[in-house]
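Just so you know, ligand 1 is whichever comes first in the structure, and atom 1 is the first atom listed for that ligand. As a basis for the values below, the full set of heavy atoms in this structure was taken, side chains included, without hydrogen atoms, waters or symmetry mates.
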Amino acid sequence: MATKPPAGDPVQDAPRVAAPQHAAAGLPAIAHTLKIAQEQMGVMRTARTLLKVNQKNGFDCPGCAWPEGDHRHTAEFCENGAKAVAEEATLRRVTPEFFAAHPVSDLATRSGYWLGQQGRITEPMLLERDAEGGAADHYTPVSWERAFAIIAEELTALASPDEALFYTSGRTSNEAAFLLQLFAREYGTNNLPDCSNMCHESSGSALSETIGIGKGSVSLEDLHQADLIIVAGQNPGTNHPRMLSALEKAKAAGAKIISVNPLPEAGLERFKNPQTPQGMIRGAALTDLFLQIRIGGDQALFRLLNKLILETPGAVDDAFVREHTHGYDEFTTAAKDADWDETLAATGLDRGHIEQALALVLASERTIVCWAMGLTQHKHSVPTIREVVNFLLLRGNIGRPGAGVCPVRGHSNVQGDRTMGIFERPAPAFLDALDKEFGITSPRHHGYDVVRSIEALRDGKAKVFFAMGGNFVAATPDTTVTEAAMRRARLTVHVSTKLNRSHAVTGARALILPTLGRTDKDVQAGGRQVVTVEDSMGMVHASRGNLPPASPRLLSEPAIVARLARATLGPASRTPWEEFEKDYARIRDRIARVIPGFEDFNARVARPGGFALPHAPRDERRFPTATGKANFTAAPVEFPALPEGRLLLQTLRSHDQYNTTIYGLDDRYRGIKDGRRVVLVNARDAAELDLADGSYTDLVSEWKDGVERRAPGFRVVHYPTARGCAAAYYPETNVLVPLGATADTSNTPASKSVVVRFEPGRRVTEDSRNNGHSGHSGNSTHTTTSSEPGHG
Ligand SMILES: Nc1nc2c(c(=O)[nH]1)N[C@H]1C(S)=C(S)[C@@H](COP(=O)(O)OP(=O)(O)OC[C@H]3O[C@@H](n4cnc5c(=O)[nH]c(N)nc54)[C@H](O)[C@@H]3O)O[C@H]1N2
Ligand SMILES: Nc1nc2c(c(=O)[nH]1)N[C@H]1C(S)=C(S)[C@@H](COP(=O)(O)OP(=O)(O)OC[C@H]3O[C@@H](n4cnc5c(=O)[nH]c(N)nc54)[C@H](O)[C@@H]3O)O[C@H]1N2
Ligand SMILES: [Mo]
């Protein structure tokens, strides 16, 4: 049975490159899925597990947050969902013997791919400074009791609760998330940074201000009914594959699709639906109009479209504007200034394309705009998304069937975690309800988000770091700075399923707390448990794992928080933590009493398919903003400036990764095989910059702080990206993203628009990776990529 991890740690910068593909899914997707799944799980478990994904009595796919819909196929096929499941349900194990054989100094030289391939963690592990105060080099097994005692000891020793940080990655269930934020607040801090800070925070910021709720306003049914769907800054073929079925269905009903992207993404070009015979062979063309935009040009594009709509007689929905909106005059004044030349420069598009887009927009009665990281991770992301809202408001495209805003979320429960109160800037009304229910006094001052957490660690203001999932040091920007900051902590704790880079970059003491994943059966004193999640469209439903847990020594996430709370808060806490651990229905009872929309939670989530959370703009065209109306906004148009000889680098996902989890070394749709250290550059830019295809280059980022950040040894690939733009995979390129380069208002790292220059480089070989690595120089010249040590 092929469940052994690969022996070596392959060098990742010598890929084979072929032409990019023009269609997604189809037979190769099935073949590739079965290969990866069987390597990890064997044949039987593959069949048993994959049949349960997203079924009404099964578990919620840990892949993405795309909704399931009512008519689920048996095994709605999704290649990358299957890979996410295989990664978790693997039969490989990381045992105490593994840690005895691999000191932390060894783990620190390994790639993220190698670490993840080792399997599920089976026991709580502790790394502790030795008697002389030096750092120990091995994790050793520790009892759960001792682990909680250590965390409690460190937390109670802090001068202030605000010296502790509680990070959440978006796979955490509603129940665990609710307990974690309750514990943090009862303990005394709002320091609840989460992956959302790096992800859709810009969407949340822009939407709450303009429509009054930071979530999307469409259902799956709306997508099926739309006349026009604009997909901007998103690669669904890889990151939300089930969305392609929805787009296919919309097309079949007559919808048009515009895709706005610097890259021609295969999934948006053509979808070969493996569910239907004709889909497998021919597939459906999806995109009607491809706007190959320059990175960061979207605000300018939407602003000009808005001006053109305003100039078209009868194009504005006057009644909607009058009745439901605020700020129209100021907005129209700003929009009138939109300028063709400036827009063409900002977007790199030609006039004809924009006119075609306008024609499709004017012909549509029901328009939806979908977006993801291509819009959220720029300095001007919040005004960009506000401009998208202006665009939809103009023609009344919010709060009626087939129309609306559709930020497509990433992690499977990232939206639910926020609903549960994982937020460093909670609303006072939320805290009031929490305090009333539990008889506690939550702190009212804001906590740290992700970037501010790193700064606090760096500056010695935060000393204990606790992560509910995720891979903090690899996912965050400015790797060299971040890793040095993390090493200053007194204690770092990771609740994890799999090994990752963050376990090798630790504070003075470090704990790994192994936990159940979505696929694992969860049995507590009160019987078999289910958890709940919220998808990208505000549907809440149950998730029930069915596999025997990876080890008998795992605790569930709710159990970990409950025990941590008891150890830390002691008998003074009146919260019934023990009851919560025994029976998650008791947690849901409390959620029902604290969070609006969850009334009668247990009964409603027991229904197949769950229930929809209320959404005032969608349901009743009511906009709970400061003005009581939907707000037009009028920000100045911005776009990134590009100095001579530089390109704008976006850091994105390959087809074989889930964020920092690397499933494999291929990016099939983009024609890349066996390697990740590649940089995609337009052939004409490459000619000007003297970057031959197949040559090796160092990427050097330029930022106003004057610090030089370098990621060495990338293979140049000539690729049909927009002019002036380049693309390379994250997390290897996070070393290039300055900590201070964030979006205005949302503070999201601007990881999609990094100004880089190119210097001749060399392939990183097996030897150079094991010698040349200095993990945390922290001084003015950063010359290593410490997130993928050795590959840099
Ligand atoms: N298999 C798989 N699924 C995933 C994930 C994964 O890693 N693997 N990650 C999950 C998570 S947490 C998230 S947030 C989502 C991420 O989903 P995506 O946002 O689709 O992920 P990225 O790979 O970052 O792709 C960004 C897209 O935006 C485009 N883009 C970049 N800059 C611009 C720009 O300035 N303007 C426009 N219009 N387009 C631009 C890029 O070319 C690319 O197509 O996926 C989720 N699902
Ligand atoms: N340069 C650049 N940086 C980025 C991005 C980018 O596009 N470019 N994207 C950003 C985005 S959108 C996001 S969301 C973040 C992602 O940031 P994170 O969410 O922190 O990172 P992941 O790689 O998703 O976390 C993977 C780890 O989660 C753990 N895990 C998996 N399942 C479970 C579970 O069920 N329970 C627990 N407790 N742990 C589990 C495993 O140990 C695994 O190693 O990265 C951000 N960083
Ligand atoms: Mo994300």
Side-chain angles (χ1 to χ4, degrees), residues 62-66 78-81 83-84 87-88 112 115-116 121 167-173 176 194-200 231-241 259-263 265 268 291 293-298 301 371-378 381 384 408-412 414 450 467-472 474-477 494-503 512-520 557 560 639-640 648 650-661 663 721-722 725 727 729-734 736-737 748-749 751-754:
C64 74
W66 190 256
C78 166
E79 174 186 351
N80 277 349
K83 288 193 293 203
E87 182 78 16
E88 180 177 299
L115 291 171
I121 306 165
Y167 173 71
T168 309
S169 162
R171 277 197 194 178
T172 298
S173 65
D194 71 342
C195 71
S196 194
N197 297 145
M198 300 180 269
C199 185
H200 266 293
V231 183
Q234 193 201 345
N235 178 21
T238 285
N239 297 313
H240 307 91
S259 83
V260 188
N261 203 307
L263 296 174
E265 304 285 26
L268 284 169
L291 299 180
I293 197 164
R294 260 192 141 99
I295 289 174
D298 304 82
L301 170 66
W371 71 88
M373 298 304 101
L375 291 204
T376 65
Q377 298 176 333
H378 303 280
S381 281
T384 298
V408 183
R409 304 275 160 178
H411 267 302
S412 51
V414 60
V450 161
M468 183 54 88
N471 181 4
F472 192 83
T476 52
H494 287 91
V495 179
S496 306
T497 49
K498 305 281 298 272
L499 208 55
N500 65 44
R501 173 77 187 161
S502 295
H503 303 128
I512 302 175
L513 306 181
T515 193
L516 299 178
R518 287 280 169 77
T519 53
D520 297 314
E557 292 182 350
I560 289 172
F639 53 94
L648 269 178
Q650 60 153 323
T651 61
L652 80 180
R653 291 152 175 81
S654 83
H655 192 62
D656 267 2
Q657 75 182 84
Y658 193 94
N659 299 337
T660 70
T661 295
Y663 302 135
T721 181
C725 303
Y729 304 131
Y730 122 84
E732 288 84 345
T733 45
N734 253 332
L736 299 172
V737 183
T748 296
S751 43
K752 289 288 188 281
S753 41
V754 186

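A donor atom on one side chain and an acceptor atom on the other are found under 3.5 Å apart for Gln377 and Ser751. In this model, no donor atom of one side chain and acceptor atom of the other lie less than 3.5 Å apart for Thr376 and His200.
The shortest distance between side-chain heavy atoms of Arg653 and Asn659 falls below 4.5 Å. The closest side-chain heavy-atom distance from Ile121 to His503 is below 4.5 Å. Within the 4.5 Å cutoff, the side chain of Ser169 has heavy atoms near those of the His411 side chain. With a 4.5 Å cut-off on side-chain heavy atoms, Arg518 and Ser412 count as touching. With contacts defined as side-chain heavy-atom distances shorter than 4.5 Å, the pair Lys83/His655 qualifies.
Here the side chain of Gln234 pairs no donor or acceptor atom with the backbone of Gly374 at under 3.5 angstrom. Glu88 places a side-chain N or O within donor-acceptor distance of the main-chain N or O of Thr519, the cut-off being under 3.5 Å.
Exactly one residue among Asn471, Thr476, Ile512, Thr660 makes a side chain to side chain contact (heavy atoms under 4.5 Å, CB included) with Ser502. That residue is Asn471.
In terms of polar-atom proximity, defined here as any N/O pair under 3.5 Å, Glu557 does make such a contact with ligand 2. In terms of polar-atom proximity, defined here as any N/O pair under 3.5 Å, Asn500 does make such a contact with ligand 2. The shortest N or O to N or O distance between Lys498 and ligand 2 is below 3.5 Å.
Each of the atoms 17 (O), 18 (P), 19 (O), 20 (O) of ligand 2 lies under 4.0 Å from some heavy atom of Tyr167. Residue contact check: Gly469 has heavy atoms under 4.0 Å from atoms 37 (C), 38 (N), 39 (N) of ligand 2. Remark: ligand 2 atoms within the under-4.0 Å shell around heavy atoms of Ser496 are 39 (N), 42 (O). Ligand 2 places these atoms under 4.0 Å from at least one heavy atom of Val495: 37 (C), 38 (N), 39 (N).
Listed as neighbours of ligand 1 are Cys64, Asn80, Cys199, Gly233, Gln234, Asn235, Thr238, Asn239, His240, Val260, Asn261, Pro262, Leu263, Glu265, Ile293, Ile295, Gly296, Asp298, Ala372, Met373, Gly374, His378, Gly410, His411, Gln650, Leu652, Arg653, Gln657, Tyr658, Asn659, Lys752, each bearing a heavy atom under 4.0 Å from the ligand.
At least one heavy atom of Thr515 lies less than 4.0 angstrom from ligand 2.
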